[in-house]
Amino acid sequence: MRDPNLNRILANRYQLQQVLGAGAMGQVYLAHDKLLGGVPVAVKLLSISIHNKKLRVQERFEQEAKTCAILGQKSIHIVRVMDYGVVEENGTPFYVMEYLKGKNLSDVIRNYALSLPRFLSIGRQISLGLECAHQGIPVDGKTYPIIHRDIKPSNVLLIQDNSLGELAKLLDFGIAKLLQADSSQTRYYMGTFAYSSPEQMEGSELTNRSDIYSLGVMLFEMLTGNIPIQANTDSFGGWFKAHHYQPPRSFETSEPKFPIPPQLKDLVMSCLAKAPSDRPQNVSEIIKVFTLLEQPRDRSLPLTTQPITPQTPSSGNEPANTIVAPQKGQLTTDAICRLTRWPQNKPIADIVFPQSIQINDEESPALWVMLSQIEVNKRLVNRTYNHFLFITSPSPMMLWITALHHRAYGTKWLTYYLDLKNSQNRDLIQSIGIKGYYRVLLFARETPQYASSCLLIHVASSQGILLQQWYLLSQSSNIHGDVQLSKSLLKQEYEKIKPQILMKLEASV
Ligand SMILES: Nc1ncnc2c1ncn2[C@@H]1O[C@H](COP(=O)(O)OP(=O)(O)OP(=O)(O)O)[C@@H](O)[C@H]1O
């Protein structure tokens, strides 16, 4: 029978075109946004009606839709929700999402199409989306963590992005809770039996670790094609017992699709622990293991499961971002870089600032840069050039210039003025001078949680000597003149030398 909703126009705007699929919680349609020239969107009609319902249910729906919209803005791994409403005739709530033309993870698992690198990449991306939700969204000055409650392969869509490659996106945030809140539902449980944590089956208040359990079930399925726990009867009681008392299957008896590294087995099994306190305490711990395993094997020593601890500076004092490697020299620069987080006290915007990172007990000077993902991609293979300009008066100041040059894409100039009356800045230039290098950490605005790549930039020994001299000069200087004037004098000098630097870069490509 033809779906009666086809061709229906919701909110005077979204014309339903085709059924994309249906689940327990609703039906998803491909629709055209008539207001925006017919661009495709996905509309989910929920399987409830909020006609004649208490105001609370309506408010709740609006709140959940807004939450999804905010989350979609925060992470590229969460589907973007753009609008929501209620169908007038029958009170069915709906929300409008970006239309994702891609594959469902459950189909990919069914077709045995995962390799270890693909598994690691998808697993890390899903975890990044989840981490972002668990970190929470601000409401009235407070931060509220968001628990997904229905993590399972059919809630992950995989799409091909022109610049980022395969992208994993999580669907249906908060919907399970919303439906549960509808008091007319006879079911007090919402979720999907096979992926539900023991505490979810009990109807307890859930924490992030309930999602971690469901993630464990899904990761096991991605690795083996089968779920780790199977109920004797497909009923609430059967699954309640299974999740509470049945030990998960072992990988050895589950015919994994490829050899699974031991740390991955341990990780998945710890996610599946019955007691929430025995699971990883947060998704960041899971991301660390994925990141470690993703680093190229030939350049690294054998991996261990010892923890690495990236710390995010949160105060204005900007302490070093610390990465403690399990063994000296074990992490490649690539892994270190990808475990470095954008500081929470910095805006998600195209900015440049200096801040040391600590690697294996050693302070390493670094320039932190945020750009668009497209711009980051253009800067992966570049000719680099650096130059430092110094002025003692009216106020001691240094301009730190880094140029990233690509023959086709042109030059990206990264500049930063360092006020050398500040002792931290003086220490920084001394450190660059002594070490003879610094790092540039490139973060993509669209995926800001972790650095996308890291460049190592060498400083000529003559420049290194100058930096040490400037350190001494500014340390002994007691001139405290106009800082802005120093900046504008340095800027004039910078504009003068820019063409020369460009000529050098072009000549050297
Ligand atoms: N934004 C979207 N763009 C494109 N396809 C989508 C989008 N959201 C959902 N779908 C597809 O619509 C189908 C139905 O999704 P839905 O979330 O309703 O079902 P489900 O996850 O299988 O079940 P449940 O409702 O129990 O979570 C799925 O195949 C899904 O891949």
Side-chain angles (χ1 to χ4, degrees), residues 3 5-6 10 14-33 36 38-48 61 64-65 68-69 71-73 75-85 87 92-111 113 122 125-126 129-130 133 147-161 166-182 185 187 189-197 200-201 210-211 214-215 217-218 221-222 227 234 236 239:
D3 186 313
N5 284 323
L6 288 182
L10 306 182
Y14 308 105
Q15 184 160 34
L16 306 183
Q17 299 286 326
Q18 183 192 322
V19 179
L20 290 173
M25 301 186 196
Q27 187 119 339
V28 181
Y29 294 85
L30 169 66
H32 287 163
D33 182 349
L36 293 181
V39 293
V41 289
V43 174
K44 182 155 186 164
L45 285 176
L46 297 187
S47 53
I48 53 169
F61 169 64
E64 294 294 339
C68 294
L71 280 180
Q73 294 283 327
S75 170
I76 199 170
H77 301 298
I78 297 177
V79 67
R80 259 187 329 117
V81 169
M82 287 115 65
D83 200 0
Y84 63 91
V87 181
T92 306
F94 68 87
Y95 61 92
V96 182
M97 304 168 262
E98 57 178 326
Y99 170 59
L100 300 169
K101 198 167 184 312
K103 290 195 185 86
N104 202 290
L105 179 58
S106 53
D107 295 335
V108 174
I109 295 176
R110 217 172 299 128
N111 296 328
I122 296 173
Q125 294 185 46
I126 296 167
L130 210 48
I147 314 298
H148 188 291
R149 292 160 200 273
D150 198 17
I151 295 288
K152 58 180 176 179
S154 68
N155 274 337
V156 176
L157 281 186
L158 302 171
I159 57 163
Q160 278 303 323
D161 181 275
E166 185 168 59
L167 258 187
K169 300 239 186 192
L170 275 166
L171 302 172
D172 277 357
F173 260 97
I175 301 305
K177 188 165 185 191
L178 173 70
L179 296 195
Q180 197 175 315
D182 174 11
Q185 294 280 128
R187 292 171 287 184
Y189 161 89
M190 284 307 294
T192 308
F193 289 153
Y195 300 86
S196 289
S197 65
Q200 188 169 10
M201 307 251 16
S210 174
D211 278 348
S214 310
L215 181 67
V217 176
M218 186 168 85
E221 188 179 359
M222 287 164 75
I227 44 177
D234 190 16
F236 182 84
W239 282 104

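Just so it is clear, the values below take in all heavy atoms, side chains as well, and ignore hydrogens, waters and symmetry mates. One-based numbering, in listed order, for ligands and for the atoms of each.
- Of all heavy-atom pairs spanning Phe193 and Met201, the tightest one is CD2-CE, 3.8 Å.
- The closest protein non-hydrogen atom to atom 23 (O) of ligand 1 is Gly23 CA, 3.3 Å.
- Of the possible donor and acceptor atoms, one in the side chain of Ser214 sits under 3.5 Å from a partner among the backbone N and O of Ser210.
- The protein heavy-atom contact nearest to atom 29 (O) of ligand 1 is Asn104 ND2, 3.5 Å.
- At distances below 3.5 Å, at least one donor-acceptor pair connects side-chain atoms of Asp211 with backbone N or O atoms of His148.
- Those atoms of ligand 1 that come under 4.0 Å of a heavy atom in Asp150, given as number and element, are 27 (O).
- Listed by atom number, the atoms of ligand 1 under 4.0 Å from Tyr99 heavy atoms are 3 (N), 4 (C).
- Closest protein heavy atom to atom 3 (N) of ligand 1: Leu100 N, 3.0 Å.
- Using modelled atom types, one finds no donor on one side chain facing an acceptor on the other under 3.5 Å when comparing Ser154 with Asn104.
- The shortest contact between atom 13 (C) of ligand 1 and any protein heavy atom is with Gly21 CA, 3.6 Å.
- Asp3 and Gln27 share a donor-acceptor pair across their side chains, judged by distance under 3.5 Å alone.
- The side chain to side chain contact (heavy atoms under 4.5 Å, CB included) search around Gln18 returns Leu20, Leu30, not counting sequence neighbours.
- Residues that satisfy the salt bridge (Lys or Arg N to Asp or Glu O under 4.0 Å) test with Asp83, not counting sequence neighbours, are absent from this structure.
- Taking every non-hydrogen atom of Glu98 and a distance limit under 4.0 Å, the qualifying atoms of ligand 1 come out as 1 (N), 2 (C), 3 (N).
- Listed by atom number, the atoms of ligand 1 under 4.0 Å from Ala42 heavy atoms are 1 (N), 2 (C), 3 (N).
- Which parts of ligand 1 touch Leu171 is read off a 4.0 Å heavy-atom cut-off, strictly below it: atoms 8 (N), 9 (C).
- Glu221 and Tyr195 share a side-chain donor-acceptor pair at under 3.5 Å.
- Among protein heavy atoms, atom 10 (N) of ligand 1 sits closest to Val28 CG1, 3.8 Å.
- Listed by number with element, the atoms of ligand 1 under 4.0 angstrom from any heavy atom of Met97 are 1 (N), 8 (N).
- Between Leu105 and Met222 the shortest side-chain heavy-atom distance falls below 4.5 Å.
- Proximity annotation for atom 7 (C) of ligand 1: of Leu157, Val96, Val43, Leu157 comes nearest, heavy atoms only.
- Distances shorter than 4.0 angstrom occur between a heavy atom of Lys152 and an atom of ligand 1.
- Remark: ligand 1 atoms within the under-4.0 Å shell around heavy atoms of Lys44 are 16 (P), 17 (O), 18 (O), 25 (O).
- For ligand 1, the atoms lying closer than 4.0 Å to a non-hydrogen atom of Ser154 are 20 (P), 21 (O), 22 (O).
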